[in-house]
Amino acid sequence: EKKVVLITGCSSGIGLSLAVRLASDPDKTFKVYATMRNLAKKERLIECVKSLHKDTLDILQMDVTSWQSILDARDRIVEKRVDILVCNAGVGLMGPLEVQSLDSMRQILEVNLFGTIQTIQAFLPGMKVRGQGHILVTGSTGGLQGLPFNEVYCASKFAIEGACESLAILLQHFNIHVSLVECGPVNTDFLVNLQKAELGDTSLQQVDDLTLNLYEKYLQHCGSVFQNAAQDTEDIVKVFLEAIQSPSPAFRYFTSGDVPPLTKLKATEPGGSRYISALSKTMFSSEEQ
Ligand code: NAD
């Protein structure tokens with residue numbers, strides 16, 4: 001019997017790659033429900049799976065911010081169960097905190113936090129009844145350590161850590177595993193899709209010069225990190241596969257193979273000062289030059 005997998009946010013990036021990989025499994029181990037908010041964006045996925053057998057992939061509409069949309073997608077699952085749930089949909093928000101509107105901040109939390117939780121809520125009862133299941137969530141370094149100009153994004157990803165860790169404790173009693181796949185920078189549409197304050201934006205006119213100066217440095221740093229150190233989605237998919245195939249999955253997987261050094265520093269010096277100054281140095285180092 002195939003393992004039924006449902007993935008959110010499959011029109012691009014990590015979700016798309018994971019859906020393609022699982023649906024093209026040579027042993028046809030998986031039946032993949034690749035879901036996306038906007039079905040008009042399904043061409044890319046279809047292009048990637050053109051040669052596949054139809055019995056391993058289905059594409060469904062699902063907006064994680066709409067409970068009705070989640071229920072509609074759930075109703076269309078032929079097998080009437082999900083063995084592996086991958087909560088992957090997410091959006092970023094970048095810029096000085098003082099220019100973020102309440103609406104845009106809410107939107108980030110709607111998708112990243114409540115979207116993830118609602119999706120889990122919809123599939124959890126079925127998993128509990130069957131006494132099995134695996135919930136995987138695309139986590140972020142931004143959920144483990146603070147990043148300047150990403151306050152709200154980090155808040156949403158930290159929140160997911162708390163929600164998942166809490167759930168994992170309970171769900172042990174139901175033989176349901178919870179795993180976070182913690183990603184650093186990944187080459188996807190994430191930077192294009194995120195809401196970002198651009199240096200010339202009128203909204204930034206009210207912001208003080210020092211903040212703007214540091215924001216500019218941050219953007220340069222971010223650009224070079226994505227250019228030099230970003231992983232490809234295939235690397236991320238490998239880690240998801242490892243987690244999915246493990247008989248006793250870990251709670252956290254790090255796609256780079258290890259805990260990021262600065263996250264370690266945070267753990268070894270709980271007071272936080274060393275982490276905060278080390279990160280500031282890394283991000284804004286051109287200041288020292
Ligand atoms: P991406 O922008 O290519 O993919 C995100 C997907 O989520 C998109 O397909 C988007 O349409 C979808 N989405 C947004 N709002 C949605 C909604 N309301 N309902 C359903 N789907 C929605 O970027 P990605 O890098 O593949 O992002 C996937 C996940 O990885 C996100 O949760 C992101 O936070 C996380 N992540 C990404 C990076 C990175 O550097 N790319 C790093 C760490 C974590």
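In this text, all values refer to a predicted model and were calculated from it rather than measured experimentally. Every number for a ligand or one of its atoms is a count from 1 in the order of the listing.
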Item to complete: Classify the side-chain pair Tyr218/Asn213 by whether it contains a donor and acceptor separated by less than 3.5 Å.
Response: no
Taking the non-hydrogen atoms of [X], is any one of them nearer than 4.0 angstrom to ligand 1?
| X | answer |
| --- | --- |
| Gly139 | yes |
| Gly115 | no |
| Gly184 | yes |
| Val111 | yes |

Worksheet entry | Criterion salt bridge (charged side-chain N to carboxylate O under 4.0 Å, His left out) on Lys80 and Asp75, from CA distance to verdict | CA-CA 8 Å; Lys80 298 290 164 213; Asp75 281 347; 5.4 Å; no
Only heavy atoms of [X], strictly under 4.0 Å: list the atoms of ligand 1 that pass.
| X | answer |
| --- | --- |
| Pro185 | 40 (O) |
| Gly90 | 5 (C), 7 (O), 31 (C), 32 (O) |
| Phe226 | 40 (O) |
| Thr65 | 18 (N) |
| Gly13 | 3 (O), 26 (O) |
| Met62 | 19 (N), 20 (C) |
| Asn193 | 1 (P), 2 (O) |

Is [Y] paired with [X] through a side-chain N to carboxylate O contact shorter than 4.0 Å?
| X | Y | answer |
| --- | --- | --- |
| Lys31 | Asp83 | no |
| Glu234 | Arg21 | no |
| Arg81 | Glu1 | yes |
| Asp258 | Lys264 | yes |

Starting from [atom], which protein heavy atom do you reach first, and at what distance in Å?
| atom | answer |
| --- | --- |
| atom 13 (N) of ligand 1 | Ala89 CB, 3.9 Å |
| atom 9 (O) of ligand 1 | Ser11 OG, 2.9 Å |
| atom 12 (C) of ligand 1 | Gly9 CA, 3.8 Å |
| atom 1 (P) of ligand 1 | Ser12 OG, 3.5 Å |
| atom 19 (N) of ligand 1 | Val64 N, 3.0 Å |
| atom 27 (O) of ligand 1 | Phe190 CD1, 4.1 Å |

Nearest non-hydrogen atom to [atom] belongs to which of [options]?
| atom | options | result |
| --- | --- | --- |
| atom 41 (N) of ligand 1 | Leu16, Val225, Thr188 | Thr188 |
| atom 40 (O) of ligand 1 | Asp63, Val186, Ile160, Thr141 | Val186 |
| atom 28 (C) of ligand 1 | Leu45, Thr116, Asn88, Thr138 | Asn88 |

Write down the atom of [X], the atom of [Y], and the distance for their closest heavy-atom approach.
| X | Y | result |
| --- | --- | --- |
| Leu45 | Ala34 | CD2-CB, 3.7 Å |
| Val5 | Val86 | CG1-CG2, 4.3 Å |
| Ile84 | Leu136 | CG2-CD1, 3.5 Å |
| Thr233 | Ser17 | OG1-OG, 2.6 Å |

[X] N/O to ligand 1 N/O under 3.5 Å:
| X | answer |
| --- | --- |
| Lys157 | yes |
| Met36 | no |
| Ile14 | yes |

Discussion item. Pair Lys157, Glu182 - check salt bridge (charged side-chain N to carboxylate O under 4.0 Å, His left out), show working.
Written reply: CA-CA 10 Å; Lys157 292 293 187 181; Glu182 312 286 12; over 6 Å; no
Item to complete: Determine, for Phe30 and Lys2, whether the Lys NZ or Arg CZ falls below 6.0 Å from the six-membered ring centre while staying within 45 degrees of the axis.
Response: no
Worksheet item: Applying a 4.0 Å heavy-atom criterion (strictly less than), which segment of Tyr153 is in contact with ligand 1: side chain, backbone, both, or neither?
Response: side chain
Discussion item. Check this for me: Arg130, atom CZ, are more than 12 non-hydrogen atoms of other residues, nucleotides or ligands nearer than 6.0 Å?
Written reply: yes
Worksheet item: Hey, would you say the Phe226 and Phe190 ring centroids sit under 6.0 Å apart?
Response: no
